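Structure record follows, encoded as C-alpha cells.
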Amino acid sequence: MDDLANKINIPPAPAMAKAVEDGMYAKATMPAWKIFWLGLTGGAYIAFGFIMFVTTQQGAPGEWPLGITKMIGGALFATGLIMVINSGSDLFTGTTLNVMPFLSKRITAGQLFRHWGLSYVANFIGSVTIAILVFLANTPATNKSAWGLIILNVTKGKLSLDWGNAFVLGILCNFLVCMAVWLTFAGRSFLDKGLAIVVPLVIFVSTGFEHSVANMFMLPMGWLIKTFGADSFWAGEAITNAGVTAADFDMISWDKIILGNLLPVTLGNIIGGALCVGCYFWVAYRKDAIKAERAAAIAAK
C-alpha cells in the first residue's frame, strides 16, 4: 500500500521545490561540453514541436474555429518539451530555474551564467540546423506552399511586435514553460509528466506568447524561405491565392530577428522563469528551509 501511495500521491510543494533546486544544481554543475551537447537536442526538439504546430495550422475541413486549431497546435507543440524533459536535454528557458541553487549559494554567478550561455548558443545551433534541414527537404512547399506561407506569416507577425510587447510576451511565456517543468517533478510516469507539460504549453502557444528557443527555429526558417524560396514555392496555390510575393516579407531580416525579437523575448523569458517561478518559490519554500538546514548543521558540530 505504501508503494501504491508513493505512485499516486504527488510530493508536497516544499519537497517539489527541493527537487527542482537539486535538479537544476545537477544541470548547472555538468561539464561545459555536456551542457552544450545536450543543448543541441534541446533546440532541435523544440524546433520539432514548432514543426508540429505549423502543420496543424494548415486548415481543417469545415473551417474549424481558430481557437480550436491553436489549442490543437499547442498540444502538439508540447511534444517538443516532452522530448526535452524525458531525454535530459538542456533548454535555455528551463535553465532560468537554476536561480534556485544560486540563491541557496550552491552555485556561483559564474556557473549560473555559464549554464545560460552554453545552453542558449547550443539551442540556437540545434534549432537553426533543423530549420536548414527542413528547408532542404522542401517541406515549405508542401500542401501547395501552405506550410511555408504559415511560416512566413507567423515570422512576419513576430517581427512586427514592438520591443516592449515582445518583452512582456516573453515573460508570460516562460512563466508557463517553467511551471510546466516544475510540474513534471510531481510526475511518476511518462504519461503524467506529459500531461503536466501539455496544459501550460497549450495556454502559451494558443495565446501567442513568445518563446526564445522556439523563435530560434521559426524566424530563421522564415528568413530561409523568404531569401532562398524557389520560384515553384512562390507559384504555389496557397501563395497565389493569398496574393503575396517575396517583397511582402522584406522586413524579415537578421537585425530584426536578433534585435527586434530574440533580444527582448530572451530577456522576458529570463524574468518569467527566474523571477516569477524560480525566485518566487525559493522565497516561499526554500529560504526558511535553507536557514533551518544551516542552523541544524551548526548545532550538530
Side-chain angles (χ1 to χ4, degrees), residues 24 26-54 77-98 110-140 148 151-152 154-155 158-159 166 170 173-174 177-178 181 201 205 210-229 252-270 273-274:
M24 296 313 300
K27 279 186 166 290
T29 54
M30 288 190 300
W33 73 266
K34 194 169 187 179
I35 294 173
F36 182 83
W37 192 251
L38 291 173
L40 295 173
T41 47
Y45 293 154
I46 294 299
F48 284 130
F50 220 143
I51 289 168
M52 289 294 292
F53 169 80
V54 172
F77 173 85
T79 58
L81 187 56
I82 290 171
M83 287 190 286
V84 169
I85 293 295
N86 285 282
S87 67
S89 295
D90 214 56
L91 184 66
F92 165 73
T93 46
T95 68
T96 58
L97 289 173
N98 70 10
Q111 288 174 306
L112 181 145
F113 290 120
R114 181 194 73 144
H115 192 192
W116 287 3
L118 288 170
S119 184
Y120 193 89
V121 171
N123 285 176
F124 185 84
I125 293 171
S127 297
V128 172
T129 298
I130 297 300
I132 293 170
L133 292 174
V134 168
F135 180 79
L136 293 176
N138 203 30
T139 302
I151 292 280
L152 288 169
V154 171
T155 300
K158 287 178 177 291
L159 296 182
C173 173
N174 211 32
V177 170
C178 284
V181 172
L201 263 65
V205 174
E210 291 287 306
H211 189 269
S212 56
V213 181
N215 289 354
M216 291 174 186
F217 164 78
M218 176 60 77
L219 304 182
M221 185 82 249
W223 179 83
L224 285 169
I225 296 170
K226 186 267 293 189
T227 306
F228 300 110
I252 300 177
S253 62
W254 276 105
D255 63 317
K256 278 274 192 180
I257 290 172
I258 295 171
L259 300 178
N261 185 275
L262 286 181
L263 178 58
V265 170
T266 298
L267 294 175
N269 286 169
I270 291 171

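Every value quoted in this text rests on a predicted model; they were computed, and no experiment measured them. Values reported hereafter were calculated over all heavy atoms of this structure, with side chains retained and with hydrogens, waters and symmetry mates removed.
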Heavy-atom check, side chain of [X] versus side chain of [Y], under 4.5 Å:
X	Y	result
Trp223	Val128	no
Met218	Thr155	yes
Ser127	Val213	yes
Cys178	Thr96	yes

### Task
For ring-ring contact (aromatic ring centres under 6.0 Å, His included), just list the numbers for Trp116 and Phe113, CA-CA rounded to whole Å, side-chain angles, deciding distance to a tenth of an Å, and then say yes or no.
CA-CA 5 Å; Trp116 287 3; Phe113 290 120; 5.5 Å; yes
Looking only at atom types and distance, does a side-chain atom of [X] sit under 3.5 Å from a main-chain N or O of [Y], one as donor and one as acceptor?
X	Y	answer
Ser89	Leu40	no
Asp90	Ser119	no
Lys27	Gly88	yes

What's the spacing between [X] [atom1] and [Y] [atom2] if we round to 0.5 Å?
X	Y	atom1	atom2	result
Ile82	Phe48	CD1	CZ	15.0 Å
Asn261	Lys256	CG	NZ	10.0 Å
Thr95	Ile35	OG1	CD1	9.0 Å
Ile151	Lys226	CD1	NZ	15.0 Å
Thr93	Asn174	OG1	CG	5.0 Å
Asn86	Thr79	CG	OG1	11.5 Å

Give me the atom names and distance for the closest heavy-atom approach of [X] to [Y].
X	Y	answer
Val134	Met221	CG1-SD, 3.9 Å
Leu219	Ile257	O-CD1, 3.7 Å
Leu118	Phe36	O-CD1, 4.0 Å
Tyr120	Thr266	OH-OG1, 2.8 Å
Cys173	Glu210	CB-O, 3.0 Å
Tyr45	Ser87	CE1-OG, 3.4 Å

### Test ring pair (Phe, Tyr, Trp, His ring centres under 6.0 Å) applied to Phe53 - qualifying residues, sequence neighbours left out
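With neighbours one apart ignored, the set is Phe50.
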### Task
With Met216 as reference, evaluate Asn123, Ile130, Ile125, Val265 under the side chain to side chain contact (heavy atoms under 4.5 Å, CB included) test and give the passing residue.
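Result: among Asn123, Ile130, Ile125, Val265, Asn123 is the only option passing the side chain to side chain contact (heavy atoms under 4.5 Å, CB included) with Met216.
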#### Entry: Evaluation steps, side-chain contact (heavy atoms from CB on, under 4.5 Å), between Leu152 and Ile252
CA-CA 9 Å; Leu152 288 169; Ile252 300 177; 4.1 Å; yes
### Task
Mind running side-chain contact (heavy atoms from CB on, under 4.5 Å) on Ile46 and Phe217 for me, showing each step along the way?
CA-CA 8 Å; Ile46 294 299; Phe217 164 78; over 6 Å; no
